[in-house]
Each structure stands twice: as structure tokens, then as C-alpha cells.
Number of protein chains: 2
Amino acid sequence: MRFTANYTNKVDKKGRVSVPSRFRALLAASEFNGVAVYESFKLPCLEASSREFIDGLSEQLNEEFGAFDDEKEALAAALLGGTFDLPFDAEGRILLPQPLLRFAGITDTAVFVGVGEKFLIWEPQAWEVYREEQRALARAAALKLGALRRRPELSRGAET
Amino acid sequence: MRFTANYTNKVDKKGRVSVPSRFRALLAASEFNGVAVYESFKLPCLEASSREFIDGLSEQLNEEFGAFDDEKEALAAALLGGTFDLPFDAEGRILLPQPLLRFAGITDTAVFVGVGEKFLIWEPQAWEVYREEQRALARAAALKLGALRRRPELSRGAET
DNA sequence: CATGATATCCCATACTGTCCCATCACGGCG
DNA sequence: CGCCGTGATGGGACAGTATGGGATATCATG
């Protein structure tokens, strides 16, 4: 399950969006014909993955913590309480609930970004901004890596 | 039995609320056509689940604590004694008893939050506050969640 | 036994989520 | 270069849900 690349799709008046077919193909393996979508904890966007993935996490919570564990309760509330199981319609679209649209600031367009075992759903503008930041970081990291390869012994002070 | 997502519904003057159909669908498996609702021990909200689940909990209490443990007695009494079996009416609504409404501070609107094997019923404002706190904690606990995963490669996507 | 408050039941109505079908845009293939 | 298949969009039709009221049972009381 490796989501990659990014696609920009329209969100119609009813709140429907087509999930990129490439992504849908990856999710086909899932028993549930749809995606589990939730609000990202760190970023102003939505995250989506197979329902099994989320199930796995919540199961872990039940196993690792006791039935009456406070921390488990809190994590479950944050994770499951914010996760919507959205089924695909015949055309491969999902209906994004108002709360999710509001959280991500999405109105009529959404950007789907594959990031490994899950994908993000952004409001175009926000995505542009975030992307710029990441590019800057990547650039810095690349330079650093380059420096490391060329002169391993000197890498410590090689901030270019 | 896996409750997820959150829905906001109206509570009419009579104290009736529609239980989200998705939740109702999950409870359909239960022989009792309704839900078991009780006051949460830790949070200022109500908790609800199938009658069967409550029975399971009380059994668990017997296992986790000694048979004559005072705490167990207290918990069991509070849980079993304070639980209301609320049946669905023809429209899928339940009538929340005054005591429960007062406890949760619910007046004309209620938020249903799925948290796995049960769901919570909150007063909107209170839920919003609690939710923000939990999101912050969840962000902090991200590493912990990652550590819980059996398959480490699954946690390597973009940062949650 | 009468009475008011409370719980049920039933019906009417506005919405919203789904489903189905038509149109378009884009590439690949005769 | 036009035909065709797949994916993305839009809209309309309908059924399932969420809500509100009013009429009817129930029950604890005075």
C-alpha cells in the first residue's frame, strides 16, 4: 500500500470528490469499499487510509492498555472519534462531511497527496504553502547529505 | 462493534434525540432494540453501548479486581445501577432521562462520538474543549502510537 | 378516583445521502 | 485522425434520516 504523486480534483456542491483512481486501486484490496478519513493531528489537512489501518491502531490501543485505562480512552476518542468511514459511490467518489471540509478549509477543490501508506487531502492554497516549506527543508537536507557524502569526516561543521 | 466519527443532533423539548443511523446499524445486532446509557466516570459526558457490552464490563471488573474488592463493588454498583436501558422509538430516537441530561449539561443539542466499542454523548461546547485538549495530547503521543505498531514500516509515511 | 406530568406512538415534513445516468476530457489504439 | 475506454463531473430522482407536533397511554400523587 504505497500512495504516491498528487492529484487535484473538484468538490461539487454536495461535497463529493472523486478519489484518484490510482489511490482507489490501492484501496481495492481492503474489504471495506471506501476510505477512513480523519483530521490530521499536525497539519491543517485531512488524512486518509484503509480502514484496516485504523482498525490496527485501535486494536493496539485495546491490547496495550487496560480496559479502564485513561490514556487509552483519550487516544481512542481523538483517533476514532475523528475518523469517518467514507464509502465510494458507483463513480469512485466519497462524500466529505461538513466537519472535515471545515477543518481543512476545503470548498470547491481538493488536492490528494500520496505519502506512503496513507494520503493527505488539502485545500489547494494551504497545500501550496506547506509544499513550499517542505521544499526548502528538502533543499537544506539535500545539501547536507551531499556534504556528508563528499566529506564524511568534515560533515559536522559543513553547514552550507 | 466499532463506533467511529461524530455526529451532532438536536434534542427536542421532550428530551428526545436521534441516535445516528450509523450507530444504530451497529447496535442492530443486539437483541435489545436500544442502547445502554450511563454517566461517564471520568468525563463530563454520557457513555452508551449495547447492553451486552455492559455485561461484559461488569465481568471484566470481576476479573481485574478481587471478588470482594471494595473498589470493584463501587464500580460495579455505579455502572450497573446507574445504567439506563433506553429503547429506540419508531424513528430511531431515544428519550434521555433528566438526570442524564443534567449530568452532561445537555440542553438542546448533543454530539455523538464513536470511540470503538462504545460512543460518548456530549454537550457541544464541552466536547469542543475536550477535543482540543485530546488533539494536543495525541500529537504528543504520536511517538507512542508509532511504537505500538507491530509493523514499523507502516509508521514511516508522512508525519501524522 | 381525579389530575398533571411523563412516556409512547403515529404522522407530517424538510433534508441529506445515495444511486443512476448523461456529458466531458484525455490518451491509447486501430 | 476518428473511435473507444477510463476517469472525472454534474444533475435529477428517490429513499432513508432527522425533527417537530399532537394525540394517547401510564403512573405517581393528592
Side-chain angles (χ1 to χ4, degrees), chain A residues 3-28 32-37 46 48 51 83-102 106-114 119 121-124 127, chain B residues 3-28 32-37 46 48 83-103 106-114 119 121-124 127:
Chain A
F3 296 103
T4 57
N6 67 86
Y7 308 82
T8 300
N9 287 343
K10 288 279 190 67
V11 176
D12 66 27
K13 297 152 208 155
K14 297 180 181 179
R16 295 179 300 184
V17 233
S18 282
V19 171
S21 70
R22 292 290 173 74
F23 289 1
R24 241 154 46 212
L26 289 175
L27 290 165
F32 170 62
N33 185 42
V35 266
V37 183
L46 306 177
R51 207 172 90 167
T83 300
F84 290 76
D85 290 330
L86 308 178
F88 292 135
D89 67 10
E91 288 72 37
R93 288 176 289 197
I94 52 176
L95 179 67
L96 289 174
Q98 276 302 317
L100 294 185
L101 287 174
R102 246 187 308 107
I106 296 171
T107 56
D108 64 351
T109 309
V111 181
F112 291 76
V113 185
F119 59 88
I121 305 178
W122 288 83
E123 183 285 319
W127 162 241
Chain B
F3 297 102
T4 60
N6 61 88
Y7 307 87
T8 301
N9 286 343
K10 290 278 189 67
V11 176
D12 66 26
K13 297 151 206 157
K14 299 178 181 178
R16 295 178 300 183
V17 234
S18 283
V19 172
S21 70
R22 292 281 176 84
F23 288 1
R24 243 155 45 212
L26 290 174
L27 290 166
F32 170 59
N33 184 42
V35 267
V37 184
L46 306 177
T83 299
F84 292 77
D85 287 329
L86 308 179
F88 292 135
D89 67 10
E91 288 72 38
R93 288 176 288 197
I94 52 175
L95 178 67
L96 290 173
Q98 278 304 318
L100 293 185
L101 286 175
R102 244 185 307 105
F103 177 83
I106 296 172
T107 57
D108 65 349
T109 309
V111 181
F112 292 75
V113 185
F119 60 88
I121 305 178
W122 287 81
E123 183 285 319
W127 161 243

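Side chains included, hydrogens not; waters and symmetry mates left out as well; all remaining heavy atoms used. Just so it is clear: chains get the letters A, B, ... in the order the sequence lines come, proteins before strands, and each one is counted from 1. The model shown is predicted, which means the values in this text are computed figures rather than measured ones.
From A:T4, atom OG1 reaches atom CZ of A:R22 across 8.0 Å, with rounding to the nearest 0.5 Å. In this structure, CD1 in B:I106 is found 6.5 Å from CD1 in B:I121, a value given to the nearest 0.5 Å. Expressed to the nearest 0.5 Å, how far CZ of A:F84 lies from CG of A:L96 amounts to 10.0 Å.
One atom, CZ of B:R22, and another, C1' of D:dG16, lie 12 Å apart when rounded to the nearest Å. Whole-Å rounding puts the A:D89 CG to D:dA8 P distance at 12 Å. Rounding to whole angstrom units, CG of residue A:N9 and P of D:dG7 are separated by 12 Å. In this structure, B:F88 places its CZ atom 16 Å from C1' of D:dG16, rounding to the nearest Å. Across the protein-nucleic acid pair, B:L95 atom CG and D:dA25 atom C1' stand 15 Å apart, rounded to whole Å. Here D:dT19 presents its P atom at 12 Å from CD of B:E91, a figure rounded to the nearest Å. Atom CD1 of A:I94 and atom P of D:dG7 are 17 Å apart (whole Å).
Using cut-offs of 30° and 60° for the angle between ring planes, the A:F23 and A:F112 rings count as perpendicular. Between B:W127 and B:W122, the ring-plane angle classifies as tilted under the 30° and 60° cut-offs.
Between the side chain of B:D108 and the main chain of B:V11, no donor-acceptor pair closer than 3.5 Å is present.
Looking at heavy atoms from C-beta onward, A:L86 lies in side-chain contact with A:P97 at the 4.5 angstrom threshold. The shortest distance between side-chain heavy atoms of A:N33 and A:F88 falls below 4.5 Å. Using a 4.5 Å heavy-atom threshold, the side chains of B:R93 and B:D12 count as touching.
Summarising the geometry of B:L95 relative to B:K14, their closest heavy-atom pair is CD1-O, 2.8 Å, with the distance given to 0.1 Å. The nearest pair of heavy atoms linking A:D85 to A:A36 is OD1-CB, 3.8 Å.
Proximity of residues 10-21 of chain B to DNA chain C (heavy atom under 4.0 angstrom from any strand atom) is restricted to B:K14, B:R16.
A nucleotide of DNA chain C counts as in contact with chain A when one of its atoms lies under 4.0 Å from a heavy atom; the first and last such, 5' to 3', are C:dG17 to C:dC21.
Which of D:dA8, D:dT17, D:dG10 sits closest to the side chain of A:R24 comes down to D:dA8.
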For DNA chain C, the dot-bracket notation using Watson-Crick and G-U wobble pairs below 3.5 Å, [ ] for pseudoknot-type crossings and | for other-strand pairs, is ||||||||||||||||||||||||||||||
